There are 2 protein chains.
Amino acid sequence: MENRTIDTRERILDAGERLFMAHGYEGTSMRQITGEAGVNLAAVNYHFGSKESLMQEVFRRRLDWLNEERMRVLHEMEAEAAGKSLKPSQIVDGFFGTLLRMAGDENRGGMTFLRLLGRTLTEPSEFIRAFLAHEYQAVMDRYKEALFKALPEVPKAEIVWRFHFMLGATSYAIAGTDALRLVTDWQIEDEDSTDRLDRLVPRLMSFLLGGLRAPLPQF
Amino acid sequence: MENRTIDTRERILDAGERLFMAHGYEGTSMRQITGEAGVNLAAVNYHFGSKESLMQEVFRRRLDWLNEERMRVLHEMEAEAAGKSLKPSQIVDGFFGTLLRMAGDENRGGMTFLRLLGRTLTEPSEFIRAFLAHEYQAVMDRYKEALFKALPEVPKAEIVWRFHFMLGATSYAIAGTDALRLVTDWQIEDEDSTDRLDRLVPRLMSFLLGGLRAPLPQF
DNA sequence: TTATGATTCATACGTTCGTTTTAATCATAA
DNA sequence: TTATGATTAAAACGAACGTATGAATCATAA
């Protein structure tokens, strides 16, 4: 009784994760999901109640760990700093680096989940937006606080904007492993895909930090 | 005969633009579109052939101008430079500034189209990805060439990556007029929406240039 | 071994989807 | 004014959608 259920649930979540990533929420049907998972059509409604609930569970399975890990890393860094303010690079790495390193961890969804997350942040159905906002708010607030403290001379509004820009650059960098083709094609020849992921992190970090520390715009 | 057609076509395109922006391609039905446009259900198929063709026409109506304008601006800057290489800030402004300034031009789709474009870049159905890649390729290549020349000491692969990051930050900044709520809420109090748009351009430009010129990552 | 509750299965429900069809209505030129 | 081609309108098409139902099958404990 135990193994059948867990297997079925897990298989559905895996298939949903992959298909939602590839075709979006509306673009993925229950029949595709159950077909790919190799389970009966009714299994989704039996185990999750509805398509919406399945989508939420797909996210929760990964985000719970990610958010806890981000919190843990931040607390750890702050403890180590012993009252002194953190370096912006530490904070950026705690938030975005932790996210990006998920891509290499197949047990935590790997690239698939990251791409799903990236694309979902810009295509939110109402119920997804509400859900993500709820799941993210606390962590986001804590990291913004940390940035405020790390950059006391920068107006808070500017920091919030730049945090937002960083999110966009990161989402897109991940979501666009295919969309990348739109911008690249031949230009990047000499890297296989594992190489590419390993190098993406420092590349993106440099870019994010450069943007975060750029001179303030004069209005 | 003339006026009826044009009005109907235009009304459909406007409604499609708005609804595709708000709910995505799959999330928008023909009945919503024709309902909002105040035309008969069959009108879309009569005037455009299919839902896919309508989507393409929604993009073409705006992208044709945008791409021409980007080319024009680049040529103009290069002519003025008379052989000397352009400054990165000029190139970035030619590409992203031209895009962002569309937001203020309601005759060219304004914010609505920009948000549609932003969200579509990360949620591409196969046919949309192919279409956008085709429409964008030439302009993208020209701007990348310009960046290669402007930054001869930076490896081309790095420039391509950073171009990609800039695209992401911009898409997200635009698409997320609502998703912004996820990151902001109370933090930005003292700006109305026109103010916000006016200030977005220099803010984003600072960020993009900071990222583009950041120190190279050491592997 | 049998009773019980959990899970799987085949099937069907009612809706909505994009598209097509056929007839009505319109604007224009002969 | 009438003929013609373009556009609009109402209705229906088959397919696919998410969901619900009730019987069959399974694992487990008494």
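Here is how names work: the chains are called A, B, and so on, in the same order as the sequence lines, proteins then strands, and each is numbered from 1. Just so we're clear, the structure is a prediction, and the values are computed from it rather than from any experiment.
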Tell me, with the steps shown, if L132(B) and L63(B) meet side chain to side chain contact (heavy atoms under 4.5 Å, CB included). CA-CA 9 Å; L132(B) 286 183; L63(B) 286 184; 3.7 Å; yes
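- Straight-line distance from the CD1 atom of I12(B) to the C1' atom of dT8(D): 11 Å, rounded to whole Å.
- When rounded to the nearest whole Å, the span between CD1 of I33(A) and P of dG18(D) equals 7 Å.
- Of all the residues in residues 48-57 of chain A, S50(A), K51(A) reach under 4.0 Å from DNA chain D with at least one non-hydrogen atom.
- The shortest non-hydrogen separation linking A42(B) to N40(B) is N-OD1, 2.9 Å.
- Annotation: salt bridge (Lys or Arg N to Asp or Glu O under 4.0 Å) contacts of E106(B) (sequence neighbours excluded): none.
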Is there a side chain to side chain contact (heavy atoms under 4.5 Å, CB included) between F163(A) and F95(A) once you walk through the steps? CA-CA 10 Å; F163(A) 196 87; F95(A) 194 89; 3.9 Å; yes
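- The distance from atom CG of N45(A) to atom P of dA12(C) is 18 Å, rounded to the nearest whole Å.
- Taking atom OH of residue Y46(B) and atom P of nucleotide dT21(C), one finds them 15 Å apart after rounding to whole Å.
- Atom P of nucleotide dG18(C) and atom CZ of F127(B) are separated by 12 Å, given to the nearest angstrom.
- For D105(A), the salt bridge (Lys or Arg N to Asp or Glu O under 4.0 Å) criterion is met by R108(A), not counting sequence neighbours.
- A salt bridge links K144(A) with D141(A): the distance from a Lys NZ or Arg NE/NH1/NH2 to an Asp or Glu carboxylate oxygen falls below 4.0 Å.
- Atom CG of D93(B) and atom CG of L86(B) lie 11.5 Å apart (nearest 0.5 Å).
- Between E57(A) and R60(A), at least one side-chain N (NZ, or NE/NH1/NH2) sits under 4.0 Å from a carboxylate O, which counts as a salt bridge.
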When you compare the protein's N or O atoms with those of nucleotides 13-16 of chain D, which come within less than 3.5 Å of each other, and at what distance?
none

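- Between the CG atom of D7(A) and the P atom of dT8(C) there is a distance of 9 Å, given to the nearest Å.
- At the phosphate of dA6(C), neither OP1 nor OP2 sits under 4.0 Å from any side-chain N or O atom of H47(A).
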Let me check I have this right: for DNA chain C, each base becomes ., (, ), [, ] or |, based on Watson-Crick or G-U pairs with both distances under 3.5 Å. What is the full string? ||||||||||||||||||||||||||||||
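- Under the 4.5 Å side-chain criterion, counting only non-hydrogen atoms from C-beta, R61(A) is not in contact with F113(A).
- Ionic pairing of R129(B) and E126(B) is present here: one or more N-O contacts between side-chain nitrogen and carboxylate oxygen are shorter than 4.0 angstrom.
- Within the nucleic acid shown, T34(B) has no heavy atom closer than 4.0 Å to any nucleic acid atom.
- Residues F127(A) and Y25(A) bring their aromatic ring centres within 6.0 Å.
- By the 4.5 Å heavy-atom criterion applied to side chains, L147(A) and V160(A) are not counted as neighbours.
- Of the residues in residues 35-42 of chain A, L41(A), A42(A) come within less than 4.0 Å of DNA chain D through at least one heavy atom, sorted by number.
- Salt-bridge annotation for E69(B) and R101(B): absent, with no side-chain N of the basic residue lying under 4.0 Å from a carboxylate O of the acidic one.
- For the pair T8(A) and dT7(C), the criterion of a side-chain N or O lying under 4.0 Å from OP1 or OP2 is not met.
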